Amino acid sequence: MTQPTSQPLQGTIGVFDSGVGGLSVVRALIELMPGQPLSYVADNAHCPYGPRPADEIIAFAKGITRYLQAHGSEVVVVACNTASAAALMPLRQAFPETSFVGMVPAIKPAAAITKSGVVGVLATQGTLQGSLFEAVVEHWAHGVRVISRACHGLVELVESGDVAAPETEAILRDCVAPLLAQGTDVLVLGCTHYPFLMPTLQRVLPPHVQVIEPSQAIALQTRRVLAERDLLLGEGQPARRRYAATGNPTAMQRVLETYLYERASVERIHWHRGSLLLT
Ligand code: DGL
């Protein structure tokens, strides 16, 4: 069982998402740096972030960052494409002493391997409408057509654990059908919740379509940032990880056990006037 951290620990990686999605990034972080302390916040009281206005997401992201800083994090992974799209720049401005690792849909590696010249992206409305996505496409998709789809309802299904339900498969089929019809041979998962749908996604995709999700790249980038700041701990440390949820902790507990094989208790925290407090 993972030891909860009671004291702020140097080198603690702060990670947050609107819910359990960021745990797909945590899985990669643990694989790469099993001894590094970690503190995770699922803001599931406000999930999904996808349809919310940017200002609201910026306020949530700032409140969560203050909480993570208070628990010892000088490096924060915004393990949410939607929050990165809305809040990465404002966070860097508001907290210059903190290093942020953000997420953008992985257009660069997708453009490098597509043979058909068509890359599909599944993400939330917030991610696809943000200027960050537009900038990444402009910068990396030279000569490649990028077609995207906002998949409504999938985040909620992952939160409720219904990843293999017939309803989930039907939504996924509907999401990818127009992308496949236009020749997509590389599919980018632009939402951290979607890797948990992989087995179902593989049932609806033809075998030649490659799927890209960036959690390992994010873990490598986080390790680089920790090393630069001299915060990287050596091997052989006991795992000290702390998990907190602003809403019902059940979904998180289930994902931790099922996908991360992690038996850890999830603390309940709550919002009070823009700050996060222990319940
Ligand atoms: N996991 C998130 C993302 O990567 C959030 C999805 C949502 O809350 O809508 O975009």
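As the structure is a prediction and not an experimental result, all values here were calculated from the model. Positions are given from 1 along the sequence. Order of listing sets the numbers, starting from 1, for every ligand and every atom in it.
- The G50 neighbourhood of ligand 1 comprises atoms 7 (C), 8 (O), 9 (O), with distances under 4.0 Å to a heavy atom of that residue.
- The pair R224-E228 does not count as a salt bridge, with every side-chain nitrogen at least 4.0 angstrom from each carboxylate oxygen.
- Heavy-atom contacts of S18 reach the following atoms of ligand 1: 5 (C), 6 (C), 7 (C), 8 (O) (cutoff under 4.0 Å).
- Ranking protein heavy atoms by distance to atom 10 (O) of ligand 1, first place goes to T82 OG1, 2.5 Å.
- Remark: side-chain polar atoms of R242 are not paired, donor with acceptor, to backbone N or O of H71 under 3.5 angstrom.
- Partner of S24 under the side-chain contact (heavy atoms from CB on, under 4.5 Å) criterion, chosen from C191, P214, P195: P195.
- Annotation: atom 7 (C) of ligand 1 to nearest protein heavy atom, Y49 N, 3.3 Å.
- Remark: aromatic rings of F60 and Y49 are close, center separation under 6.0 Å.
- Close approach to D17 involves these atoms of ligand 1, each under 4.0 Å from a residue heavy atom: 1 (N), 2 (C), 5 (C).
- Taking every non-hydrogen atom of P48 and a distance limit under 4.0 Å, the qualifying atoms of ligand 1 come out as 7 (C), 8 (O), 9 (O).
- Checking Q182 against R145 by side-chain atom types alone, a donor-acceptor pair falls below 3.5 Å.
- Of all the heavy atoms of C80, the ones lying under 4.0 Å from any atom of ligand 1 are found in both the backbone and the side chain.
- In this pair, Y243 and Y40 present their aromatic rings tilted. The plane angle is within the 30 to 60° band.
- Short contacts between ligand 1 and T124, defined as distances under 4.0 Å to a heavy atom of the residue, involve ligand atoms 6 (C), 9 (O), 10 (O).
- The contact set between ligand 1 and N81, taken as ligand atoms under 4.0 Å from a residue heavy atom, comprises 3 (C), 4 (O), 10 (O).
- Using a 4.0 Å cut-off between heavy atoms, T192 contacts ligand 1 through both its backbone and its side chain.
- Panel note: side chain R92, backbone F100; a donor-acceptor pair is recorded below 3.5 Å.
- With respect to atom 6 (C) of ligand 1, the closest heavy atom belonging to the protein is V155 CG2, 3.6 Å.
- Note on ring orientation: taking the six-membered ring where Trp is involved, the planes of H270 and H272 are perpendicular (angle over 60°, cut-offs 30° and 60°).
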